[in-house]
Amino acid sequence: MIWSQEIETMERADMERLQTSRLQAIVLRTYSRVALFRERCDAARVRPEAIRSLADLPRLPFLRKADLREQYPWGLFAEPIRNIVRLHASSGTRGKPVVVGYTAADIDVWAEVCARSFCMAGGEPGHLFQNAYGYGLFTGGLGMHYGVERAGAAVVPISGGNTARQMLIIQDFQPQGIACTPSYALNIADYLEEHGVDPRSTSLRYGIFGAEPWSESMRQQLEARLGLDAIDIYGLSELSGPGVACECREGKQGLHINEDYFLPEVVDPDTGEALPDGEYGDLVLTALCKEAFPVIRYRTGDICALYREPCTCGRTLVRMSRVKGRVDDMLVIRGVNVFPSEVEYQLLQLGELVPHYQLVVDRDRALDSLEVQVELADSVLRAWGGFDAERPEAEAIRARAVALLKSTLGIGCRVTLMPPRSVPRSEGKAVRIVDRRKS
Ligand code: DLL
């Protein structure tokens, strides 16, 4: 079901007209209200009235995460506190948090894009939806909550964690849909199995998974194990939260960006120059309607590509590829660049491994070294009668994994098979990189 037929299937020329008028308005408004934006435009000699078309967008200055930290707490707000109805914060752990604010109108837009996303994933009015994203400062819980309610479905606001209770609700209330991080979905599947419930036998038909990078092979595992459509949803606090973009159940070929509200560009991470469609780079987003916390040309640091070919679902919205990872999470192993999600994709090509893994980076004399710690599939453990890393079969799996990572990603690494349940589990965003170089 398409929630907003008019917008989601709009002709390109009409969409660009809408984007242009909204862009002009937000630039004028932000120029008059946010000192940092005004100073940067002045320094670049760009008058806000000079932004007449989408082609003028690259003339505007970028906004970066460091700016948000420096302007913390109130510096980038464009509304006084009396007009703010909510604050949220990003889940980043480095330095000061990124805190963002919303007016009532901002919450309304956010609910709208999350309602669209819910329907893209297969949600319908009348469904019951288990919302296992964290409620609180994190945007996942409340963002999906408002969207699902807006779409006319019922929400169970269970939040993240307490997997025993997640299982209870799934079994007793039989929701059609669930939302959580993909790594937590895997945890739920494990938990169901450990408690004698076949994860494929539940009522769940679609899962709206996001907030962290994951790979196509992780999707295949989640779909096979849980018997549902695993849908990728993208967003970030700076741009509201979840609902910036979402895959459709029909296509699963990239995420439809709600581009009437979030105008995307992809630029070279080093030079900031625009990249053509299909090329991977830093996703830059401009919020076209945000009142409380306007963000213009925000460098998300998320690496993806844009596609404009029509989608089988009928939506005309521009699509973004899966996010490979964040610029700052890219590993450089002996000169080779690699994202954890790319390692994940390859590891899961070997049927014996599961996506409980961590990448441990260390420094071996002057060179960076990578150790991949990963768990074995239950079927393997059963066949072996338990975990034994010394078996010849274990050595064969390690050797195949090392060879595959070398031949596909060009990285040399050590692979360690880990005892069952020894890789830390997450209830929210999984920690994929352990960087020992910094300790
Ligand atoms: O993670 C918002 C969200 C909640 C999105 C629930 C989807 C579902 P933050 O905590 O501010 O907000 O983190 C934003 O998470 O810049 C990406 O690096 C990463 N991220 C979010 N969604 C995806 C995704 C929420 N589908 C940061 N794939 C972003 C890959 C994602 N990375």
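These values consider heavy atoms only, across backbone and side chains, with no hydrogens, waters or symmetry-generated copies. One-based numbering, in listed order, for ligands and for the atoms of each.
Ring geometry for Tyr206 versus Phe129: interplanar angle under 30°, hence parallel rather than tilted (30 to 60°). Between Tyr191 and His195, the ring planes lie parallel to each other; the angle is under 30°, not in the 30° to 60° tilted range.
Residue Asp302 has at least one nitrogen or oxygen atom sitting less than 3.5 Å from a nitrogen or oxygen atom of ligand 1, judged on distance alone. Below 3.5 Å of separation, one finds an N or O of Ser237 facing an N or O of ligand 1. The shortest N or O to N or O distance between Lys429 and ligand 1 is below 3.5 Å. Backbone and side-chain nitrogen or oxygen atoms of Phe209 are examined, and none is located within less than 3.5 angstrom of a nitrogen or oxygen of ligand 1. Considering both main-chain and side-chain atoms, Thr300 never comes within under 3.5 Å of ligand 1 through any nitrogen or oxygen pair. Any N or O atom pair closer than 3.5 Å counts here, and Ala211 shares at least one such pair with ligand 1.
Shown in contact with Ser90 at under 4.0 Å from a heavy atom are these atoms of ligand 1, numbered in order with element: 11 (O). For ligand 1 and Arg326, the ligand atoms under 4.0 Å from any heavy atom of the residue are 16 (O), 18 (O). Atoms of ligand 1 found under 4.0 Å from any heavy atom of Asp232 (numbered from 1 in listed order, with element): 24 (C), 26 (N).
Side-chain contact check for Glu371 and Thr416: at least one donor-acceptor pair (N or O, by modelled atom type) lies under 3.5 Å. Looking at Thr163 and Tyr184, their side chains do bring a donor and an acceptor atom within 3.5 Å of each other.
Under a cutoff of 6.0 Å and an axis angle of 45°, Arg86 and Tyr146 form a cation-pi pair.
Between Asn258 and Ser117 the shortest heavy-atom distance is ND2-OG, 4.2 Å.
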Practice item. Go through Asp229 and Lys252 one step at a time and tell me if the side chain to side chain contact (heavy atoms under 4.5 Å, CB included) criterion holds. Key: CA-CA 9 Å; Asp229 283 301; Lys252 289 186 197 155; 2.6 Å; yes
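Qualifying side chain to side chain donor-acceptor pair (under 3.5 Å) partners for Tyr102, counting only residues two or more places apart in sequence or in other chains: none.
In this structure, of Gly428, Gly210, Gly235, the residue bringing a heavy atom nearest to atom 21 (C) of ligand 1 is Gly235. Nearest to atom 26 (N) of ligand 1 by heavy-atom distance, out of Ile233, Leu255, Thr181, is Ile233.
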